[in-house]
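Everything on this sheet refers to the single structure shown next.
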Amino acid sequence: MEEPAELAETNERAGWPLLAAFAAREERLSAAFCRRGPLAAGIYEFVRFGLKQAWACLFGGILLGLIIVTRLWYPQHAALPRYDALVLACILVQAGLLWFGLETLEEAKVILAFHLVGTVMELFKTSVGSWHYPEASFLRLAGVPLFSGFMYAAVGSYIARVWRLFDFRFTQHPPLWALGLLSAAIYLNFFTNHWGYDFRWLLVAAAVALFGRTTVFFRVWTVHRRMPLLLGFVLVSLFIWFGENIATGAGAWLYPNQTGGWAMVPPSKLTSWFLLMLISYTLVAVAMSRSVRAIGTWSTPSTEAGRA
């Protein structure tokens, strides 16, 4: 059964208490745009979409901003290395988001899980020379500074937040056990490809087979819009790749072809981010399926999706 937009908005704000302070003002603003006709309403919905996306990217945006700021202005010979400052800053940001209600405990659990998954992979990838961290640090495991796990966590944070902000509903969604098997195979392939067993294109094909008929319905304002879920995955992977280019340009880590001077991350990395993002999506899907409201989202909205 479809949840009324007003009730969905109320539940959405309940997850982030600080949003309630802007609720009444936003309702008056939206009503004003509605009265001005379809064009004004369309512009308002477009702006609302951008603001929701920015809110979903909160943790990742803050982290990327910290990487850029410390690259430009952090003292080169400071007693506390830049990477360690990033670790402490990430911990403070995480604690602050929880304290001020800008992040839920469920989201924090997903972030922690993906943090651990990413750190284990980082330990292996740096040991075989896939990339390296050029700066010294105290807070590290082998060649991996501890702030690196937060970069993976930012992906999990985004998916968890965007799921709730846009009130995701699905049709033809694959079962969680199938996602679990696919994610396990993807994670294993990130290790085996260094011994000549690279099945990434087979795994991409499996993902296409699983999600090829899946439609995600997302509510920006008053009705649900629709989009093939695979297209959403591709768009998220693309923006992660953009962020990776910015982060490597700011010296967060370097690929072998960047050691002599920065160069664009090869577009072939998009497949890696697509597959890694699927692991994060699976973790979020499992977490979301535990709530009564989320279980009800595995169906078509009864409202007129796509209506203006």
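- For the side-chain hydrogen bond (donor to acceptor under 3.5 Å, both in side chains) test, residues two or more places apart in sequence or in another chain that qualify with Thr282 are Ser183.
- No side-chain heavy atom of Val284 sits less than 4.5 Å from a side-chain heavy atom of Phe114.
- In terms of modelled atom types and a separation under 3.5 Å, the side chain of Trp241 and the main chain of Val265 share a donor-acceptor contact.
- Using a 4.5 Å heavy-atom threshold, the side chains of Leu230 and Thr214 count as separate.
- Considering every non-hydrogen atom in both Ser157 and Ile111, the closest pair reads CB-CD1, 3.5 Å.
- Between His115 and Tyr152 the shortest side-chain heavy-atom distance does not fall below 4.5 Å.
- When all heavy atoms of Val286 and Leu176 are compared, the closest pair comes out as CA-CD1, 4.3 Å.
- You'll find the side chain of Arg164 reaches within 4.5 Å of the side chain of Met288, heavy atoms only.
- Ring-plane geometry between Phe211 and Tyr281 is classed as perpendicular, the angle between the planes exceeding 60 degrees on a 0 to 90 degree scale with a lower cut at 30.
- Remark: side-chain polar atoms of Thr126 are not paired, donor with acceptor, to backbone N or O of Val144 under 3.5 angstrom.
- Taking the six-membered ring for Trp and the full ring otherwise, the centers of Phe242 and Phe239 sit less than 6.0 Å from each other.
- The minimum heavy-atom distance between Val220 and Glu45, with the atom names listed, is CG1-O, 3.3 Å.
- Ring-centre distance between Phe170 and Trp163: below the 6.0 Å cut-off.
- Arg200 and Ser272 share a side-chain donor-acceptor pair at under 3.5 Å.
- The aromatic rings of Phe166 and Phe218 sit perpendicular to each other, their planes meeting at more than 60°, with 30° as the lower class boundary.
- Sequence neighbours left out, not one pair with a member in residues 254-275 passes salt bridge (charged side-chain N to carboxylate O under 4.0 Å, His left out).
- Using cut-offs of 30° and 60° on the angle between ring planes, the pair Tyr83 and Phe147 is tilted.
- Pro145 and Arg140 make their closest contact through CA-CB, 3.7 Å (heavy atoms, listed as atom of the first residue, atom of the second, distance).
- Shown here is Phe124, whose CZ atom has more than 12 heavy atoms of other residues, nucleotides or ligands within 6.0 Å.
- In this structure, the side chain to side chain contact (heavy atoms under 4.5 Å, CB included) partners of Leu231, at least two apart in sequence or on a different chain, are Met227, Pro228, Leu235.
- The salt bridge (Lys or Arg N to Asp or Glu O under 4.0 Å) check on Arg82 picks up Glu135, with sequence neighbours excluded.
- Residues forming a salt bridge (Lys or Arg N to Asp or Glu O under 4.0 Å) with Arg213 (at least two apart in sequence, or on another chain): none.
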Got a list of side-chain donor-acceptor pairs under 3.5 Å for residues 247-258, not counting sequence neighbours?
residue, atom, partner, partner atom, Å
Thr248, OG1, Glu244, O, 3.0
Thr248, OG1, Asn245, O, 3.1
Thr248, OG1, Gln258, NE2, 3.4
Thr248, OG1, Trp262, NE1, 3.0
Tyr255, OH, Glu244, OE2, 2.2
Gln258, OE1, Tyr255, N, 2.9
Gln258, NE2, Ala263, O, 2.8

